[in-house]
Amino acid sequence: MSMNMEFKREMPTARVIKEMYPLSDEMHEKKRENDEELRKIFTGESGKFLFLIGPCSADREDAVLDYVNRLRELQEKVRDKIFIVPRIYTNKPRTTGEGYKGMLHQPNPNSSPDLLKGLISIRKMHIDAMEQTGFTCADEMLYPENHQHLSDCLSYVAVGARSVEDQQHRLTASGLSIPVGMKNPTGGDLNVMLNAITTAQHSHTFVYSGWEVQSKGNPLTHAILRGYSNKHGRSLPNYHYEDLKLLLEMYDKFNLSNPAVIVDTNHANSGKCYDEQPRIAKEILHSMRHSAEIRKLVKGLMVESYLVDGAQKPDGKVYGQSITDPCLGWEKTEHMICELADLL
């Protein structure tokens, strides 16, 4: 075997880990209810505005659950207009492969990688969030086969800018029954994103987790605009009125089911200036007021938010502050959502 890697240990299957940490019947029913509410948002049957919101990466369960519990209280205040899905992102893509890769890899950010412990810890965290708040959350599909470990917990999946061209991500998305957001690639080509959506909305036969499988196609696959970088490495936004009109025109050419977009208010759209997110959110709502077509297309926002403003190093001691990209703190988050609810 000509492979330059050490096989450290055989991992238990997703079925085994699910049997070790099962969901209650009540939580299965809660996910069904949440999934149906989300489906109606993306088909247009519901006019509620979606907030996919939470830390850049989940780094410690206590702070994440504290944050999600606060979101539960906030959800009750704005429930007539806004539907909240917390981001509990448990694996973190790295541009160069260096740095903290999320709780899947390191349940303790300052300890060595332990993927078995990581798989168990992220499943327990998602279940704890469900049981404490009734939320079924969002995670990023960084590793397509790992989706199985959380498939009964999640109501939303995002495919990142670095993964959107990968065939296995696209095919796996075609086999999911929940909304999957495809981000535009880091270079900004919207055709790449729309090709990914097209692939995911159709049926395919492929190899998945050692099986030959046939997917049914996922009509809830949609676009996420997150900004992009030009050839000089400069961040540029793609959330303006003209960008949304262009996406509308491109959707028409691709003839896709349920045309929809979520706008990511951070990443290249903000130039990673996290405190610009409330301003960007208000600009998107302004565009929606000026165009009925844009209002129909834009289903919600993706926001990076945590308990404390900004970011710290992975060995930092500030409770509830991001150890990856900077995030909007809780007080500003609460103010933003309440203000936007009044504008919707």
Where [X] and [Y] come nearest, the two heavy atoms and their spacing:
| X | Y | answer |
| --- | --- | --- |
| Arg170 | Val164 | NE-O, 2.8 Å |
| Asp275 | Leu328 | CA-CD1, 4.0 Å |
| Phe42 | Ala260 | CD2-CB, 3.8 Å |
| Leu150 | Arg123 | CD2-CA, 3.7 Å |
| Ser57 | Tyr100 | OG-CE2, 4.0 Å |

Do the side chains of [X] and [Y] get close enough for a salt bridge, i.e. N-O under 4.0 angstrom?
| X | Y | answer |
| --- | --- | --- |
| Arg72 | Glu76 | yes |
| Asp66 | Arg60 | no |
| Glu334 | Arg70 | no |
| Glu37 | Lys48 | yes |

For this session: With the side chain counted from C-beta on, respond yes when Leu194 and Tyr251 share a heavy-atom pair under 4.5 Å apart, and no when they do not.
Result: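 A side-chain contact exists here, since the closest heavy-atom pair is under 4.5 Å.
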Problem set entry | salt bridge (charged side-chain N to carboxylate O under 4.0 Å, His left out) between Asp325 and Lys92, worked out | CA-CA 10 Å; Asp325 289 350; Lys92 172 72 177 171; 3.7 Å; yes
Exercise. Which word best sums up how the rings of Tyr143 and His105 line up, parallel for under 30°, tilted for 30 to 60°, or perpendicular for over 60°?
Worked result: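 Judged by the thresholds at 30° and 60°, the geometry between Tyr143 and His105 is tilted.
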For this session: Would you please classify the geometry between the His290 ring and the His286 ring as parallel, tilted or perpendicular, with 30° and 60° separating the classes?
Result: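 Plane angle between 30° and 60°, so tilted.
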Exercise. Just by modelled atom types, is the Ile84 backbone N or O under 3.5 Å from a matching donor or acceptor in the Gln75 side chain?
Worked result: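 Yes.
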